[in-house]
S.K.: 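The structure's right below; bear with me while I get my questions together.
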Amino acid sequence: MTAETAAEMDRIVARYPNSRSAVMPLLHLMQSEQGEITIGAIGAIAERLDLTTAEVSAVSTFYTMYKRRRVGEHHIGVCTNTLCAVLGGDAVYDALSRRLGIGHNETTPDGRFHLERIECQAACTHAPVMTVDWEFMDDQTPASAVGVIDRLDAGEPVASTRGPMIRDFAATEHTLAFPDDGLAGEGTPVDALMLAGLTVARERGMSAPAANSQQGQESQQSVESEESSR
Amino acid sequence: MTIASQPAGQSGEQSVAPIDLVTVTVDGIAVQVPKGSLVIRVAEQMGIEIPRFCDHPLLDPVAACRMCLIEIEGMPKPQPACAITVTDGMVVHTQRTSEVADKAQEGVMEFLLLNHPLDCPICDKGGECPLQNQAMSAGRGESRFEGAKRTFPKPINVSAQILLDRERCVSCARCTRFADQIAGDPMLELLERGAQQQVGVAEDAPFDSYFSGNTIQICPVGALTSSLYRFRSRPFDLVSTPTACEHCASGCALRTDVRRGEVTRRLAWDDPDVNEEWNCDKGRFAFRYLHEGRIESPLVREDGQLRPASWPEAIDIAARGLAAADSRVGVLTGGRLTREDAYAYAKFARAVLHTDDIDFRARISSDEEAAFLAAVVAGRPLGPTYADLDSAPAVVLVGFEPEDESPIVFLRLRRAARATGTRVLGVSARHTRGLHKMDGQWVPCQPGAEGQLLRSALDGADDHGLAAALREPGAVLLVGERLAAVPGALSAAAALSAATGAALGWVPRRAGERGALDAGAVAGLLPGGRSISDPQARIDVAGVWGVSPDELPRYPGRRDTAAICHAVTPSSPASNLPVQATVDAEEVPATALVIAGVEPADDPARETLLAACEGPAFVVALATHHSEVTERADVVFPVAVVAEKAGSFTDWEGRVRTFGPAIRDAQTLPDGRVLAMIADAMDAPFGSGEVAQLRAELQALDAPSTIERPSPPDTAASIPADSGLRLASWRLLLDRGVLQEGEPHLAATARPTMAVMSAATAAAQGVADADFIRVVGPRGSTEVPLELDEVVHDTVWLPMHSPDCSILLDLGARPGDIVRVERAAGTMEASA
Amino acid sequence: MSTPLTPVITEHWDHPDLFTLEGYRRTGGYTALAKALSMDPDAIIGTVKDSGLRGRGGAGFPTGLKWSFVPQGDGKPHYLVVNADESEPGACKDVPIMIANPHALVEGVIITSFAIRANHAFIYIRGEVPEAIRRVANAVREAEAAGLIGTNILGSGFDLKITVHSGAGAYICGEETALLDSLEGYRGQPRLKPPFPAVAGLYASPTVVNNVETITNIPWIVNNGADWFRQFGTEKSPGFKVFAVSGHVRRPGIYEAPLGITMRELLDYAGGMREGSEVKFWIPGGSSVPMLTAEHLDVPLTYEAMAEIGTMLGTGTPMVFDQTVSVVKAVTRWLEFYKHESCGKCTPCREGTYWITGVLQRFEEGRGTDPDLDLLNELCSQIMGRSFCALGDAAATPFPAAVKLFRDEFLTATTTPVDESFDPARSYVFTADALEGVNA
Ligand SMILES: Cc1cc2nc3c(=O)[nH]c(=O)nc-3n(C[C@H](O)[C@H](O)[C@H](O)COP(=O)(O)O)c2cc1C
Ligand code: SF4
Ligand code: FES
């Protein structure tokens, strides 16, 4: 292990009152370096946190984002939970599976793409949803999804629909370990669908009633009088 | 728990109930129980069995299996009885009176059986399986499941000893909770998620816990099995007997299962005062020795060779040889005899052989220790006890590593530390895994300096707060038998206990030591801790023995193996003899030895002992197995192993653990019977030597309350002046011990043989982590891998008697001695 | 008269720099914090109690009441844990809040921590949404740099540390006690209650667990008062709600409106159903609550009205499906989800989802049987109310609701595979051209 990794581990542990809490971010960190959770990674975490390797394995095997096999350069997720599936996610998944020649939880032989059917991504308004290295690729069609792969394959830049430019799986895993990655200002993550209601409200001249300052004070007083009556 | 049963509807009279009791009604019967009791326990006490799988009274509740669902009035959903505590006025309906509960349980049972294989006929648990039994009583007749059952490639080894058939597991997490909560070895864990959830270990670390076998016993299905017992037997083929463990002084109650005259299995038996429901893997799995390599008939030496002989012939030869020695006889009994057998030797030595040269301590021992035992241990009533450990505010350990040397003491201390916050302070050269698991405070101490450290605490230089901790009411000081190696240490411990008021416990390793001490199998002490020099004691004992007090040896005998052996070896240079016996002792060399279960390799006086056996002395050995002693003896008598006889052991608390024969029709004789036959041939009064007779005499000789005791020794604590690298050592639980022979699976779970040093000491010695190092002692050396850990400076720790490393045999060194280390040349390449 | 939309939390989401401290401050951000720090912490709890704010994580527990359960003066550290695990199928409102206005959440966290006397707060965000994670982390860093988090915040003497924690793919970690175990570095399996988190939560210390949207409400409530908040919604369901409408509607997306708005009104704002389509079934708040039909479009979206018709408001994120969708397929997919996400701890959920999913898959293939329907109902009842936590209850919810409304469709699936009865392509939201070329 490099001194840099050791220092990063220390920084993660320092965020928590109890070192064991660091086990998940440390697994993300190890996964960003090794592309999967190896025995070595489990051993390093166990040693750092004074746990047994079984305790760390118990955690790493519980969560689906920790991979037991090398993911490769890009992780491609397609939501096939009900809503996305019926709105077209199944077709998107099938198209990608054909394009990549691999199935669920498999990696292309060249190690560039890993395909996974994923569960609901909290993006149902943007169905069908795909993710590349867990960055949003909203509102896909089979053709657009295959296009994303083609561009990645060709080494062309690809932008997340609500987020930064696609980096790679390792980079995202590093973000999960160190969330403040400096990319918060990239892209235009607030899109038209997130503004749908606001847009309608503006069009129709609707707004929430502003606070009447008097009312505000009254409620303040009522709290105080309730306070003193206790 | 007091349950005052009363008819339903009369609970209005509870105004007289003490405040900590609440009234609950279960299936129409109102009872008063302590507040906070679990519903499942309350029902149990009332004789109402609620089915359960994950529930275990000694593990924290998890309410995971949902088998115990019951109905509670006022609650919308069925509740898990194993996790609900009673409240006043609670009305509970179990499956017996509630349709809701019954349906819920039936549903859970159906789900449990869904993925469970129907392989009861070949499953080890078949016939004694909670799932099988409850499926019969709570299950639906036929499965409605038509899908494919979950399967796993079977089985996996979670350790060399323990196998897991994952498809049988019901995810109750008893085993994993045991590993974590009780043993403190969280190496067996739940892995994966959902329907794939399974018990397992990490890829690189097996479940090598000293307590692993308990998981097999508490698994409510046949998912966990031992390599040893797997497919060996069926419950209905077994004859079970409650027994006590012969491996150490923890005193575990066991159950021994015998199939066609052979022990096939041992389980922990439930004794809340001692081992609760647990035991260690040595006690559970080390029993092949009972049947392997046994001596089958008496042997006598003829023309330098041992040959089989008939009992009458052998008895006759032994009797004549011993009579000829005419009181110039030494008796070595070892620490493994039952209380009754040790007593038989104590009596045989004094009343038949007229010698007081007797010792049970086939290990490192000292005069100071003998004086210490006579003053503060022998014949003392019960205590300190396990319960005292539970409630102690602080427990100080000196010369004692409980996880290795008395594992149930370890479990109790760990539980006390976790449950009641007992502070454990370990005075030791090494900060051990066991101490970590008890969240203990390490009091670093160079090997050999323990006495000095205790003295300074006594003198107010209490740097580590030892005296302060011991002064807390209820505190306990536990010393291990190996403290005998440190001059002044036991004296200081006795003084510290007296000064602080802390209870003092002496924890020997072997099961028979405390019983032998109390029975008088040691020079100077008659049964019950009586002094052989005490005229009244001589009268009392001689009375029970049916001899005249004058026939008992007049003076205290020689106090250890070396002294006894030197005395029977006329060629030994007398000038080398430490002055052992009192000045008045007869200096006439003895000429015979009676030796019971002594393993010479355990005794620093091994060479003296073997020389004595080879010399002109007439040697009678009573043994179960061949040894370096039997090879050299003149007459050898085969005797019964523990499983073949009734007897008892006295545990470290002073509690007598009585057992009957597990193998009921064994043709072997216990030591006491053989001694009686020899006595008879010598025309000496002894009695039948039957266990019943020996027990009756022991009871008659129970320690009188007004015993006159010598004062404890006051040996000055000194630290050896010479400087250098010092050896620290104790015996690991699983090691080269003779009673563990024939158990490869058990041996494979032993901790690896390693030398341990601090990083600074290693650097100073020019060796590094994972190096193969050679440790050189006065007599020889051993090569072992080095591990760096928390060890006091200028000290190297080695296991005392493990494979490839026996400090007595290989180095000729004792703990506290100076040794040397160097890198073992060539071995690194060889191992690479 | 129709209920107007009321953008409060979403009011400034169209400001491109709202996610920055500066952008947020321009909209009045952090004025509530200044006000709160001058108040007595108990008075803040009182205001939140008076507001009637109910938890937006699904259960609708009164927030102020929950805060008041935290024992005070107990000498133990207290913790606030924000539940940002949003993984319930259909729920998609917390992630947008964190992306669009992370500082509002952070301000809410600081005020709440001050009120419950917590000096360390955690935001547990599901790992699959790095964009939300980085924006919240960025907001925390900015707030720290501005002295809004740290020691002696704004001279008040109050200290607070906020840790952003990434999950790793486990729906169960949205269950509050599983979340706490996960945050402590264990498998995310739920804990026995009692003790409740308010008494013994994170590290066995008093802990408040609240949903992202719940906490995001706090700055507005503190600034504008309980009465202002109560003019939205109903007596039992006061306030506004960030609704996320998805499915076969013209304009899926985020719509903020008072509680009590109806689905018909929300549908109208969302542009109605897509061309040629009608509501077949809809679910008010995540797959864990029973489905409804067009008949229920005029029931107010409140906790109480939804309960009255046998469902729940849940997360308030309606999914709307049209006539092209096979309810058999929908339910099967949800059950596959629950089977995948069952933590494994308790028997009914672990084994029940395994069994039910297998039977439903037979229906999907046209191989179900009539008696299977009774079996499925019974298996669901063997889970409902008997599992360790509400995940089991959730898993036992979709089928009984669906078979009650669409029994015929399940019967059809005893002979005909659902993909034959319901051409999947007809429910896709893209046209056949989008499929062309890639199908070759
Ligand atoms: C299986 C399951 C998943 C849940 N997922 C979430 C979630 O993702 N986010 C959330 O806020 N609450 C979730 N909850 C509800 C939480 O347990 C808890 O009620 C909520 O976080 C409390 O916050 P609130 O009072 O602000 O609503 C879930 C509950 C269950 C049983
Ligand atoms: S192996 Fe046995 S004890 Fe362990 S979880 Fe499975 S059923 Fe329970
Ligand atoms: S015995 Fe109660 S839930 Fe398992």
Side-chain angles (χ1 to χ4, degrees), chain A residues 1 3 6 9 17-24 26-28 30-31 33-71 77 80-82 103-106 116-121, chain B residues 62 64 152 156-159 162 164 166 169 171 173 175-212 215 224 431-439 749 751 769-770 787-790:
Chain A
M1 198 198 312
M9 290 177 89
N18 182 334
S19 68
R20 182 163 181 152
S21 285
V23 67
M24 289 177 70
L26 290 179
L27 283 163
H28 281 305
M30 288 294 153
Q31 184 152 273
E33 297 193 350
Q34 311 191 340
E36 67 187 312
I37 301 297
T38 60
I39 313 178
I42 286 175
I45 294 170
E47 182 163 342
R48 178 63 185 80
L49 301 181
D50 203 11
L51 299 174
T52 65
T53 47
E55 288 175 298
V56 179
S57 303
V59 175
S60 72
T61 57
F62 185 83
Y63 300 93
T64 41
M65 286 178 78
Y66 301 128
K67 301 298 181 189
R68 254 76 64 79
R69 263 177 295 164
R70 221 177 161 70
V71 167
T80 54
N81 200 303
T82 305
H104 174 59
N105 262 339
E106 290 177 0
E116 185 182 354
R117 291 171 180 279
I118 55 177
E119 297 299 358
C120 181
Q121 289 299 294
Chain B
V62 274
F152 293 99
I156 57 171
N157 267 98
V158 295
S159 75
I162 299 196
L164 168 69
R166 287 170 290 176
C169 171
S171 268
C175 56
T176 54
R177 281 180 291 149
F178 171 85
D180 181 34
Q181 295 168 15
I182 307 295
D185 296 322
M187 297 174 292
L188 189 70
E189 286 278 338
L190 288 171
L191 306 174
E192 310 290 336
R193 183 169 89 194
Q196 283 304 312
Q197 178 171 269
Q198 54 191 269
V199 169
V201 291
E203 279 176 69
D204 61 347
F207 179 45
D208 280 344
S209 167
Y210 284 163
F211 306 97
S212 69
T215 60
L224 292 165
H431 195 175
T432 59
R433 177 167 144 192
L435 192 60
H436 277 292
K437 287 197 280 184
M438 296 182 288
D439 226 347
T749 66
R751 296 191 182 157
D769 195 19
E787 181 182 82
L788 301 185
D789 204 354
E790 294 169 283

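Every chain is numbered from 1 and lettered A, B, ... according to where its sequence line falls, protein lines coming before strand lines.
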S.K.: Can a salt bridge be assigned to the pair B:Glu192 and A:Arg68 using a cut-off of 4.0 Å between side-chain N and carboxylate O?
M.R.: yes

S.K.: Are B:Glu203 and A:Ile42 side-chain neighbours, meaning at least one heavy-atom pair lies under 4.5 Å?
M.R.: no

S.K.: May I ask you to name which of B:Gln196, B:Gln197, B:His436, B:Glu189 has the most heavy-atom pairs under 4.5 Å with chain A?
M.R.: B:Glu189

S.K.: Which pair of heavy atoms, one from A:Ala54 and one from B:Pro186, lies closest together, and at what distance?
M.R.: CB-O, 3.8 Å

S.K.: With a 6.0 Å cut-off (strictly less than), is the heavy-atom count around CG of B:Asp439, excluding the residue itself, greater than 12?
M.R.: no

S.K.: Please look at A:Ser60 and chain B and tell me whether the side chain, the backbone, both or neither of the residue comes under 4.5 angstrom of a heavy atom of that chain.
M.R.: neither

S.K.: Using non-hydrogen atoms and a 4.5 Å limit, figure out which bit of B:Leu190 sits close to chain A: side chain, backbone, both or neither.
M.R.: backbone

S.K.: Give the minimum heavy-atom separation between B:Asp204 and A:Thr53, together with the two atoms involved.
M.R.: OD1-OG1, 3.0 Å

S.K.: List the steps, then state whether side chain to side chain contact (heavy atoms under 4.5 Å, CB included) holds for A:Thr64 with B:Arg193.
M.R.: CA-CA 9 Å; A:Thr64 41; B:Arg193 183 169 89 194; 3.6 Å; yes

